[in-house]
Novice: 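Dumping the structure here so I can ask a few things about it.
Owing to the predicted nature of the structure, the values given are computational and were not obtained by experimental measurement. Letters go in sequence order (proteins before strands), and every chain restarts at 1. We use all heavy atoms of the structure for the numbers below, so side chains are in, but hydrogens, waters and symmetry mates are not.
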Amino acid sequence: MYIGTDRKYMMKLIVLSLLSIAAGFVNGLLGAGGGILFMFILARMREKNGGGTDSVKDDFATTIFAIFPISAVSASMYMLRGRFSFAEIPVYVIPAIAGGLCGAVLLDKIKVSILKKIFAMVIIYSGINMLMR
Amino acid sequence: MIFFDMAAAFIVAAMSGLGIGGGGLLIIYLTLIKGIGQIEAQGINLLFFLFASGSSILIHLKKRKINFKLLMILIIFGITGSIAGSMTANAVNPSIIRNIFGIFLIASGGMTLLKK
């Protein structure tokens, strides 16, 4: 991490800490969304040359590493409250592992910009559906 | 139906691995298509994500540069926030959470469309 003058460094640390709490809160509250917020935070840090990582792909890897333990804690909290059980999970496990591996391997090989736009339109449409239910 | 569940899980995990996004997609599938409750779907999605991202972590560790100091800050404070967020999700009316989720989807979709 970039270390400037002490005061500047402390300010950056405080802002980063607060933003991390906010991203974690959203992840716990909505069961998703922490990743996109971390990507946003890391991109801003890189653009402003205030530390962070070297590239968008490094941002993405850092985000996955961060979100993994955060999601584990959130999932445990949901399970402790009896919101869902392990019995519902097995059908998703193998496709999740296979899909995750495929995506990580393909990351360097395909252009995802068009897929991103389609994904954005799908989630906007779904969001409107959620609000109208 | 199991085939659709598995296909949906594979596509969402692959999109997550590609960095397109995907966390919200499984919740959308579970709630809008399968009719599962909002909070239950969120819990399933969180656990699902552990498998989807866990499998790609080793690949990323090999290929990418991780800033571990920065990562520690994100994790420690992120976990603090996630505990508060999970407790809130389990305490308030699910329809409120569903609406917040809907707004979040529209906002993040809009941001993705407007970028570049």
Novice: Answer with side chain, backbone, both or neither: which region of B:Met72 has an atom nearer than 4.5 Å to a non-hydrogen atom of chain A?
Specialist: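 Neither the backbone nor the side chain of B:Met72 comes within 4.5 Å of chain A.
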Novice: With a 4.5 angstrom heavy-atom cut-off, is it the side chain or the backbone of A:Ala23 that approaches chain B, or both, or neither?
Specialist: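 Contact with chain B is absent: no heavy atom of A:Ala23 under 4.5 Å.
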Novice: Which atoms of B:Ile96 come close to chain A, meaning under 4.5 Å heavy atom to heavy atom: side chain ones, backbone ones, both, or neither?
Specialist: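 For B:Ile96, there is no contact with chain A at all, as no heavy atom is under 4.5 Å.
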Novice: Is B:Ser16 close to chain A through its backbone or its side chain, or both, or neither, when contacts mean heavy atoms under 4.5 Å?
Specialist: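 For B:Ser16, backbone heavy atoms alone lie under 4.5 Å from chain A.
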Novice: Counting only heavy atoms closer than 4.5 Å, note whether B:Ile76 contacts chain A via side chain, backbone, both or neither.
Specialist: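 When you check distances to chain A, no heavy atom of B:Ile76 falls under 4.5 Å.
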Novice: Examine distances only and state if a side-chain atom of A:Tyr78 and a backbone atom of A:Gly28 form a donor-acceptor pair shorter than 3.5 Å.
Specialist: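 At least one qualifying donor-acceptor pair exists.
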Novice: Which atoms of A:Val26 come close to chain B, meaning under 4.5 Å heavy atom to heavy atom: side chain ones, backbone ones, both, or neither?
Specialist: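 Only the side chain of A:Val26 comes within 4.5 Å of chain B.
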Novice: For B:Ser95, is it the side chain, the backbone, both or neither that has a heavy atom under 4.5 Å from a heavy atom of chain A?
Specialist: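 For B:Ser95, there is no contact with chain A at all, as no heavy atom is under 4.5 Å.
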Novice: Checking A:Ile41 against chain B: side chain, backbone, both or neither under 4.5 Å from a heavy atom?
Specialist: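 For A:Ile41, neither part sits under 4.5 Å from chain B.
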Novice: Please look at B:Leu61 and chain A and tell me whether the side chain, the backbone, both or neither of the residue comes under 4.5 angstrom of a heavy atom of that chain.
Specialist: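 Backbone plus side chain of B:Leu61, per the 4.5 Å heavy-atom cut-off to chain A.
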Novice: Run the salt-bridge test on A:Asp58 and A:Arg46 with the 4.0 Å N-O cut-off and return the result as yes or no.
Specialist: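 Looking at A:Asp58 and A:Arg46, the cut-off is not met.
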Novice: Is B:Phe101 in contact with chain A via its backbone, its side chain, both, or neither, using a 4.5 Å heavy-atom distance?
Specialist: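 For B:Phe101, backbone and side chain are both near chain A.
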Novice: Would you mind checking which part of A:Leu101 comes under 4.5 Å of any heavy atom in chain B, side chain (CB onward), backbone (N, CA, C, O), both or neither?
Specialist: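 When you check distances to chain B, atoms from both the backbone and side chain of A:Leu101 fall under 4.5 Å.
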